[in-house]
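Comments concern the structure below.
The figures that follow rest on heavy atoms only: side chains count, while hydrogens, waters and symmetry mates do not. Note that the structure is a prediction, hence the values are computed from the model and not measured.
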Amino acid sequence: MLHRITGRATKCGPSAISAIAGVPTHEAAAVIRRLYDRRAVNGVYMDELAAALAELRWEPDYALRHPKRHDRPHARRKEVWERIFADVPFDVRAVTLGKMLDVAPAGTWAISASRHFVAYSDGFVADSAWFSRRPTPWSRANPDHDRVALRRIREAVRFVRVSRDTRRRSPVSEER
């Protein structure tokens, strides 16, 4: 289930975190700034988004990657990327946003398409620019959805909620 995107930050990475975890965007941006010693969050990589969601008790379960996405899969530290995604099964396929969402995949997804993050869950999409900050049902009949349906997916990661009983250490703090 996606949450309504709330908060002061307007960038797509914190917006996707807000939709998935239910925290305000400025709190999601604060988690990324704290984990990666950044002054501002103007764009994020998938490993930064995954590390922030791990802090909020969401961990990656499955990934879909574009075949040409091997040029720079990680943000700043390859070790962090490998620690987060080491045991995550993945497929390598070239697919568009519409082709993926038309089949209504199960789970909660953070999708990177055309350098923009979209949150998807249970047939609903939310983001900071293309769709709406309020989760809306995905439909090709909707002109706003159809106009972005041909965007190529660079990376899509399905996340699952981790129970409160499970204690996880931050993948970033282990390196420091």
Under the 3.5 angstrom rule, does the side chain of His26 hit a backbone N or O of Ala9 as a donor-acceptor pair?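 No, because the side chain of His26 does not come within donor-acceptor range (under 3.5 Å) of the backbone of Ala9.
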Sequence neighbours left out, what passes salt bridge (Lys or Arg N to Asp or Glu O under 4.0 Å) with [X]? Give chain and number order.
X      : value
Asp102 : Arg140
Arg147 : Asp144
Arg158 : Asp61

Least distance between heavy atoms, [X] atom then [Y] atom:
X      : Y      : answer
Ala110 : Phe159 : CB-CE1, 3.7 Å
Phe117 : Ser112 : CE2-CB, 3.8 Å
Ala126 : Leu2   : N-CD1, 3.9 Å
Ala28  : Ile17  : CB-CG2, 3.5 Å
Val41  : Pro14  : CG1-CG, 4.0 Å
Ala21  : His3   : C-CD2, 3.9 Å

Go through it in stages, so that I can follow the logic: the residues are Arg154 and Arg115, the test is side chain to side chain contact (heavy atoms under 4.5 Å, CB included), and I'd like the CA-CA distance, side-chain angles, deciding distance and then a yes or no. CA-CA 8 Å; Arg154 298 174 77 197; Arg115 296 183 178 215; 3.2 Å; yes
Salt bridge Arg34-Glu55, side-chain N to carboxylate O under 4.0 Å: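 Looking at Arg34 and Glu55, the cut-off is met.
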Under the ring-ring contact (aromatic ring centres under 6.0 Å, His included) rule, collect the residues that match up with Phe85, sequence neighbours excluded.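 In terms of ring-ring contact (aromatic ring centres under 6.0 Å, His included), with neighbours along the sequence ignored, Phe85 is linked to Trp81.
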Which pairs count as salt bridge (charged side-chain N to carboxylate O under 4.0 Å, His left out) when at least one residue sits in residues 5-31, sequence neighbours excluded?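 Every candidate salt bridge (charged side-chain N to carboxylate O under 4.0 Å, His left out) pair involving residues 5-31 fails, so no pair, neighbours aside, qualifies.
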side-chain hydrogen bond (donor to acceptor under 3.5 Å, both in side chains) partners of His116, counting only residues at least two apart: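 Partners of His116 under the side-chain hydrogen bond (donor to acceptor under 3.5 Å, both in side chains) test: Asp127.
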Please list, chain by chain and in numerical order, all residues satisfying side-chain hydrogen bond (donor to acceptor under 3.5 Å, both in side chains) with Thr108, sequence neighbours excluded.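 side-chain hydrogen bond (donor to acceptor under 3.5 Å, both in side chains) list for Thr108, sorted by chain: Ser121.
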Going from [atom1] on [X] to [atom2] on [Y], what distance comes out if it is rounded to the nearest 0.5 angstrom?
X      : Y      : atom1 : atom2 : result
Arg152 : His66  : CZ    : NE2   : 5.0 Å
Leu150 : Lys99  : CG    : NZ    : 11.5 Å
Arg33  : Arg39  : CZ    : CZ    : 11.0 Å
Thr6   : Arg134 : OG1   : CZ    : 14.5 Å
Ser114 : Arg151 : OG    : CZ    : 4.5 Å
Leu56  : Ile20  : CG    : CD1   : 10.0 Å

Just jot down the side chain to side chain contact (heavy atoms under 4.5 Å, CB included) partners of Thr10, sequence neighbours excluded, or say none.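 Counting only residues at least two positions away or on another chain, Thr10 forms no side chain to side chain contact (heavy atoms under 4.5 Å, CB included).
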Test of understanding: with side chain to side chain contact (heavy atoms under 4.5 Å, CB included), list the residues that count as partners of Ser15, not counting sequence neighbours.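 Result, side chain to side chain contact (heavy atoms under 4.5 Å, CB included) vs Ser15: Ile5, Thr25, Ser128, Arg133.
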Within 6.0 Å of CG in Asp87, more than 12 heavy atoms from elsewhere: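 Atom CG in Asp87 is not packed in, count stays at 12 or less.
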Connecting only ILVMFWY residues whose side-chain heavy atoms lie within less than 4.5 Å of each other, what is the rest of Phe131's hydrophobic cluster?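 Phe131 clusters with Tyr62, Leu64, Val95, Leu97, Met100, Leu101, Trp109, Ile111, Val118, Tyr120, Val125, Trp130, Trp138, Val148, Ile153.
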Does any part of the side chain of Arg38, heavy atoms only, come nearer than 4.5 Å to the side chain of Glu48, both counted from C-beta?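 Heavy-atom side-chain distance check passes, below 4.5 Å.
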With clusters defined by side-chain heavy atoms of hydrophobic residues (ILVMFWY) lying less than 4.5 Å apart, directly or transitively, does Val23 cluster with Val160?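 Hydrophobic grouping puts Val160 apart from Val23.
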